[in-house]
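Keep in mind the model is a prediction, meaning the values are calculated, not measured. One-based numbering, in listed order, for ligands and for the atoms of each.
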Amino acid sequence: MSLTPEHRDALVAALSWQIELGVDEAIGDAPIDRYAEHAKARAEAEAARKALPQVGGRRDAPKAKTGAPQPDAAQQDANDRAAACQTLDELRDAVAGWEGSSLRRGARNCVFSDGLPGSRVMIVGEAPGREEDIQGKPFVGRSGQLLDRMMAAIGLDRRAQNPAEAVYITNILPWRPMENRTPSASEVAAFLPFIERHVALAKPEFLLLMGGVSAKSLLGVETGILRLRGNWRRWGPDGLPAMPTLHPAYLLRSPAAKRQVWRDLLSLKAAMEGETVEFT
Ligand code: URA
């Protein structure tokens with residue numbers, strides 16, 4: 001089989017990701033199809049689940065949003081401006097021009113998105129860091145490079161032109177918080193109408209929520225990311241499947257957690273291939 005440069009890049013990325021996961025030895029001559037194993041395990045778990053008597057209410061009842069702050073004037077303004085946008089370009093201009101948050105004063109560039117709008121998968125991170133602030137694009141620093149390798153390991157690439165293989169990437173906040181500090185609840189709340197409109201206009205089939213700030217704010221829950229991750233949730237009026245997972249910056253600090261993220265990515269890949277998504 002002839003190897004195209006794209007295939008070669010994908011294979012090298014998959015190999016680097018495996019090395020990062022701790023693989024240091026080839027143990028067999030024949031490759032093992034982990035995707036097939038995962039699908040089989042899911043099918044067996046599903047069969048076992050169906051065999052159990054159902055107790056309680058609907059398993060997939062949408063979670064109510066909790067603790068949302070009451071809208072003040074700036075918040076109402078953000079709601080109105082976001083709702084008025086009919087295209088991603090309009091939203092980009094609205095976000096960049098919105099004066100309702102002081103975060104923009106400490107940042108160089110508005111970081112709106114990267115990748116292919118209309119991709120099946122939309123990734124939502126937390127906020128730009130230093131590199132992202134300089135380049136005006138999300139996830140281009142060290143976390144971003146790891147994110148790219150993670151995506152390549154499941155056959156996705158932000159540079160791809162085909163929505164089935166591409167990803168679309170954004171953050172909860174479009175401006176870098178100074179000193180890379182964790183954004184406050186009110187800063188997150190201020191931009192929530194914009195990110196919600198962003199998802200609605202980008203129309204992905206799946207959301208990948210990277211890190212606690214992204215997962216908690218979009219899902220409207222207080223649960224920590226270590227408990228949220230790995231479990232499909234519904235997002236928005238159409239119940240878009242959303243997978244919370246750990247942030248690549250966390251993985252850079254805690255490499256042992258990569259195996260958990262690998263499971264989340266396999267679940268995303270399986271869902272993209274048509275496996276029924278089981279919601280929490
Ligand atoms: N971390 C994020 O959450 N987003 C970025 O764009 C970069 C780092």
Side-chain angles (χ1 to χ4, degrees), residues 17 20 88 91-92 95-96 98 101 103-104 106-117 119 121-152 156-159 166-192 194-199 202 204 206-219 221 223-226 228-230 233 235 242-255 257-258 260-261 264-265 268:
W17 171 247
E20 284 184 44
L88 288 171
L91 187 68
R92 179 192 296 268
V95 168
W98 191 56
S101 163
L103 267 183
R104 69 200 316 274
R108 289 183 181 87
N109 281 302
C110 178
V111 176
F112 185 70
S113 69
D114 195 20
L116 185 73
S119 295
V121 177
M122 180 167 180
I123 297 174
V124 184
E126 177 179 316
R130 184 171 177 277
E131 269 310 308
E132 290 76 20
D133 182 40
I134 292 170
Q135 295 190 35
K137 281 187 188 175
F139 282 105
V140 289
R142 276 186 72 219
S143 311
Q145 286 155 19
L146 177 55
L147 177 63
D148 286 344
R149 292 200 292 281
M150 291 158 62
M151 291 302 105
L156 300 176
D157 181 345
R158 71 167 93 187
R159 295 160 308 175
V167 283
Y168 184 60
I169 310 177
T170 190
N171 282 310
I172 298 288
L173 295 184
W175 304 104
R176 178 194 184 205
M178 278 207 276
E179 317 282 320
N180 284 356
R181 63 175 170 73
T182 303
S184 69
S186 62
E187 285 165 343
V188 169
F191 283 99
L192 218 43
F194 292 111
I195 179 65
E196 290 178 345
R197 189 76 187 131
H198 202 158
V199 180
F206 302 97
L207 280 176
L208 187 60
L209 308 178
M210 310 231 67
V213 169
S214 168
K216 291 201 276 186
S217 55
L218 276 180
L219 299 174
V221 297
T223 319
I225 186 64
L226 292 174
L228 282 176
R229 67 140 285 277
R233 301 287 183 125
W235 181 86
M243 169 59 78
T245 193
L246 305 177
H247 194 286
Y250 178 84
L251 298 182
L252 289 172
R253 294 192 300 273
S254 310
K258 283 178 184 164
Q260 292 173 288
V261 174
D264 305 345
L265 296 181
L268 171 63

Give the contacting part of His247 toward ligand 1: side chain, backbone, both or neither, where contact means a heavy-atom distance below 4.0 Å. side chain

Show your reasoning for whether side-chain contact (heavy atoms from CB on, under 4.5 Å) applies to Glu126 and Ile172. CA-CA 5 Å; Glu126 177 179 316; Ile172 298 288; 5.8 Å; no

Do any N/O atoms on Phe139 end up under 3.5 angstrom from N/O atoms on ligand 1? yes

Determine, step by step, whether Val188 and Val213 satisfy the side-chain contact (heavy atoms from CB on, under 4.5 Å) criterion, reporting the C-alpha distance in whole Å, the side-chain angles of both residues, the deciding distance to 0.1 Å, and the verdict. CA-CA 8 Å; Val188 169; Val213 169; 4.0 Å; yes

Identity and separation of the nearest protein heavy atom to atom 8 (C) of ligand 1: Ala127 O, 3.8 Å

Could you tell me which atoms of ligand 1, counted from 1 in the order shown, lie closer than 4.0 angstrom to a heavy atom of Gly125? 3 (O)

Subset of ligand 1 atoms that lie under 4.0 Å from at least one heavy atom of Pro138: 6 (O)

Nitrogen or oxygen of Asn171 less than 3.5 angstrom from that of ligand 1: yes

Test applied, side-chain contact (heavy atoms from CB on, under 4.5 Å); reference residue, Leu265; option that passes from Gln260, Lys258, Met150: Met150

Enumerate the atoms of ligand 1 whose separation from the nearest heavy atom of Glu126 is less than 4.0 angstrom. 2 (C), 3 (O)

Any Met243 side-chain heavy atom under 4.5 Å of Leu207 side chain: no

Atom pairs and distances, donor-acceptor, side-chain atoms in residues 135-148, under 3.5 Å, two or more places apart:
residue : atom : partner : partner atom : Å
Gln135  : NE2  : Glu131  : OE1          : 3.2
Asp148  : OD1  : Arg158  : NE           : 3.0
Asp148  : OD1  : Arg158  : NH2          : 3.1

Holding to ring pair (Phe, Tyr, Trp, His ring centres under 6.0 Å), I want the full list of residues that pass it with Phe112, two or more places apart in sequence or in another chain. His198

Measuring from non-hydrogen atoms of Lys137 to any atom of ligand 1, is the shortest distance under 4.0 Å? no

